[in-house]
Chemist: 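Please read through the structure below; I'll follow up with questions.
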Amino acid sequence: MEQYLPHFHLRGKLAAVTGATKGIGKAISTAFAEAGADVLLISRSESDLNRVKEELKQYGGNIYTISGDVQHYKAIIEKIEEKRIGASIDIWVNNAGINIRSRAEEVTEDEWEVIVNTNMKAAFFLTQYAAKQMKDKGYGKIINISSVAGHVALRTGVVYGMTKAALIQMTKTLALEWGKDGIRINAIGPWYFTTSLTEKLLKDEDYVNEIIHQTPLKRIGKLNELTGTAVFLASEASDYITGQTIFVDGGMTIYGF
Ligand SMILES: NC(=O)c1ccc[n+]([C@@H]2O[C@H](COP(=O)([O-])OP(=O)(O)OC[C@H]3O[C@@H](n4cnc5c(N)ncnc54)[C@H](OP(=O)(O)O)[C@@H]3O)[C@@H](O)[C@H]2O)c1
C-alpha cells in the first residue's frame, strides 16, 4: 500500500546553523537535534557554543561547533574543511543576523557594511559553499531566516529591511538555478519573537500593544511555534517546495490595507 505520511524527522542528516547559540538559531538547532539530526553550531562566542553543545548532546546526535564571525565567512569555511564535515552537510540555515536601527538620513557606511555583510553577503557566500557540497549528493536543503521586514515596510531600519528582502529574492533565484541539482532553498519570515535582538524593544509596552494590534492572532510568537516550520523545510516532508518564504507571523502579513 502507498504511504502518505512523509518523513518529518531529520535522522541521518547533518544540519549547519549560523547564529546557533541564542534566540531563533538556538531554538532551530535544538529542534533539529530533537528531530534526530547531527548539528553544526556556528556563532562568535566559544563559551556560548560549548554551553549549547552540552545542552544538545542529550538528543543523541553528534554536535559540532565552529566559532567565528560570519562576516569572515572564508575563515568559517576553512574551519568546516579542517573538521572534514563539509561534504556531509545536508541542511544549511542562514540565521545569523543583526540590526542597527538608525533613521535613513543617519545611516553611516560602517553601519551599512556590518548589516549588509552579516545579513546578506555572508548568507550568500555560505550558501554558495553549502550548495557545492549538496550538488555532489544531488540533494540538500537551505533555509534563510528573513523577516516580515523583508516583505512589508516596517520602522525597523531601512538597511535591515533591504537585507531581509534580498534574502527573499535570493531564495527565489537560487531555487530556480539549483532545482535541477536537488537543492531546495526556502525562507522563513518571522514577525516578533522575544530574543536578545528584540528584548529591549519588547519591554516597551506601547510598542508591544502596537504589534499586537497589527497581529490577527493578538500576541507575540513563541520560539517553539517557529521551529516546526524549520524542521518541515529541512525534512523530506517538504521535498516539492522550493523558492518560497513562509511567514511565521500570527497572520500579520495578510493585511491588505
Ligand atoms: N527575533 C525576532 O523577532 C526576529 C524577527 C524577524 C527576523 N529575525 C531574524 O532571525 C535571526 C536571528 O535573530 P534572533 O532574534 O534570534 O537574534 P539573537 O537573539 O540576537 O541571536 C543571534 C545569534 O546570531 C549570532 N550572531 C550574531 N552575529 C553574528 C555574526 N556576525 N557571526 C556569527 N554569529 C553571529 C549570535 O551569537 P554571537 O553574538 O555569540 O555571535 C546569536 O547566536 C536574524 O537573522 C534576525 O534578523 C528575528
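Computed from a predicted model, the values in this text were never measured in an experiment.
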Chemist: Any salt bridge linking E78 with K74? Criterion: basic side-chain nitrogen under 4.0 Å from a carboxylate oxygen.
Modeler: no

Chemist: Looking at side-chain heavy atoms only, is the closest gap between I42 and I76 below 4.5 Å?
Modeler: yes

Chemist: When you look at CD of E109, are more than 12 heavy atoms from neighbouring residues, nucleotides or ligands closer to it than 6.0 Å?
Modeler: no

Chemist: Can you list every pair that meets ring-ring contact (aromatic ring centres under 6.0 Å, His included) and has a residue in residues 62-93, with sequence neighbours left out?
Modeler: Y73-F125

Chemist: Indicate if L176 and F124 have the same hydrophobic cluster label, given that clusters are the connected sets of ILVMFWY residues with side-chain heavy-atom separations under 4.5 angstrom.
Modeler: no

Chemist: Determine the minimum heavy-atom distance between H9 and S235, stating which atoms define it.
Modeler: O-CB, 3.9 Å

Chemist: With sequence neighbours excluded, tell me which residues meet side chain to side chain donor-acceptor pair (under 3.5 Å) with S47.
Modeler: S45

Chemist: Might you point out which heavy atoms bring A96 and T18 nearest each other, and give the distance in Å?
Modeler: N-OG1, 2.9 Å

Chemist: Mark yes or no for whether K79, through its side chain, and S67, through its backbone, hold a donor-acceptor pair below 3.5 Å.
Modeler: yes

Chemist: Would you list the pairs meeting side chain to side chain donor-acceptor pair (under 3.5 Å) in which at least one residue belongs to residues 133-144, sequence neighbours left out?
Modeler: D90-K137, N94-N144, Y139-D239, K141-S238, K141-D239, N144-T171

Chemist: Using modelled atom types only, decide if a donor and an acceptor are shared between the side chain of E113 and the backbone of D110 within a distance under 3.5 Å.
Modeler: no

Chemist: Looking at every heavy atom in both K13 and I91, which two are closest together, and how far apart are they?
Modeler: CB-CD1, 3.8 Å

Chemist: I'd like to check the side chain to side chain donor-acceptor pair (under 3.5 Å) partners of Y129; sequence neighbours left out, ordered by chain and number.
Modeler: E81

Chemist: Does V114 reach the side chain of Q71, with side-chain heavy atoms less than 4.5 Å apart?
Modeler: yes

Chemist: What pairs of residues pass the side chain to side chain donor-acceptor pair (under 3.5 Å) test when at least one of them lies in residues 158-168, not counting sequence neighbours?
Modeler: N119-T163

Chemist: Under the 4.5 Å side-chain heavy-atom rule for ILVMFWY, direct or indirect, which residues accompany F247?
Modeler: V148, V152, L154, I168, W191, Y192, L201, L202, Y207, V208, I211, I212, I220, M252

Chemist: Which heavy atom of A20 sits nearest to which heavy atom of V52, and what is that distance?
Modeler: O-CG1, 4.1 Å

Chemist: Return the minimal non-hydrogen interatomic distance between I145 and L167, and the atom names on each side.
Modeler: O-CD1, 3.4 Å

Chemist: Can you name the residues that form a salt bridge (charged side-chain N to carboxylate O under 4.0 Å, His left out) with E54, not counting sequence neighbours?
Modeler: K57

Chemist: Please identify each residue that fulfils side chain to side chain donor-acceptor pair (under 3.5 Å) with K172, with sequence neighbours left out.
Modeler: none

Chemist: Consider side chain to side chain contact (heavy atoms under 4.5 Å, CB included). Of V248, I28, I143, which one does T229 pass it with?
Modeler: V248

Chemist: Kindly write out the residues that satisfy side chain to side chain donor-acceptor pair (under 3.5 Å) with T253, not counting sequence neighbours, or none if the list is empty.
Modeler: D249

Chemist: Please, which pairs that meet salt bridge (charged side-chain N to carboxylate O under 4.0 Å, His left out) have at least one residue in residues 196-214, sequence neighbours excluded?
Modeler: R155-E210

Chemist: With side chain to side chain contact (heavy atoms under 4.5 Å, CB included) as the test, would you mind laying out the steps for I80 and L40 before giving the verdict?
Modeler: CA-CA 9 Å; I80 297 174; L40 167 59; 4.1 Å; yes

Chemist: Anything under 3.5 Å between a donor and an acceptor, one on a side chain of residues 97-105, the other on a protein residue two or more places apart or in another chain? List them.
Modeler:
residue	atom	partner	partner atom	Å
N99	ND2	T156	O	2.8
S102	OG	E111	OE1	2.9
S102	OG	E111	OE2	3.1

Chemist: Check T242 against I183 and note the closest heavy-atom contact, atom names and distance.
Modeler: OG1-O, 4.1 Å

Chemist: Measure from the side-chain N and O atoms of D38 to the backbone N and O of L14, and report whether any donor-acceptor pair falls under 3.5 Å.
Modeler: no

Chemist: Checking the side chain of K121 only, and the main-chain atoms of T118 only, is there a donor and an acceptor separated by less than 3.5 Å?
Modeler: no

Chemist: Please identify each residue that fulfils salt bridge (charged side-chain N to carboxylate O under 4.0 Å, His left out) with R219, with sequence neighbours left out.
Modeler: E225

Chemist: Look at the side-chain heavy atoms of Ile, Leu, Val, Met, Phe, Trp and Tyr, link any pair under 4.5 Å apart, and say whether M170 and M120 land in one connected group.
Modeler: no

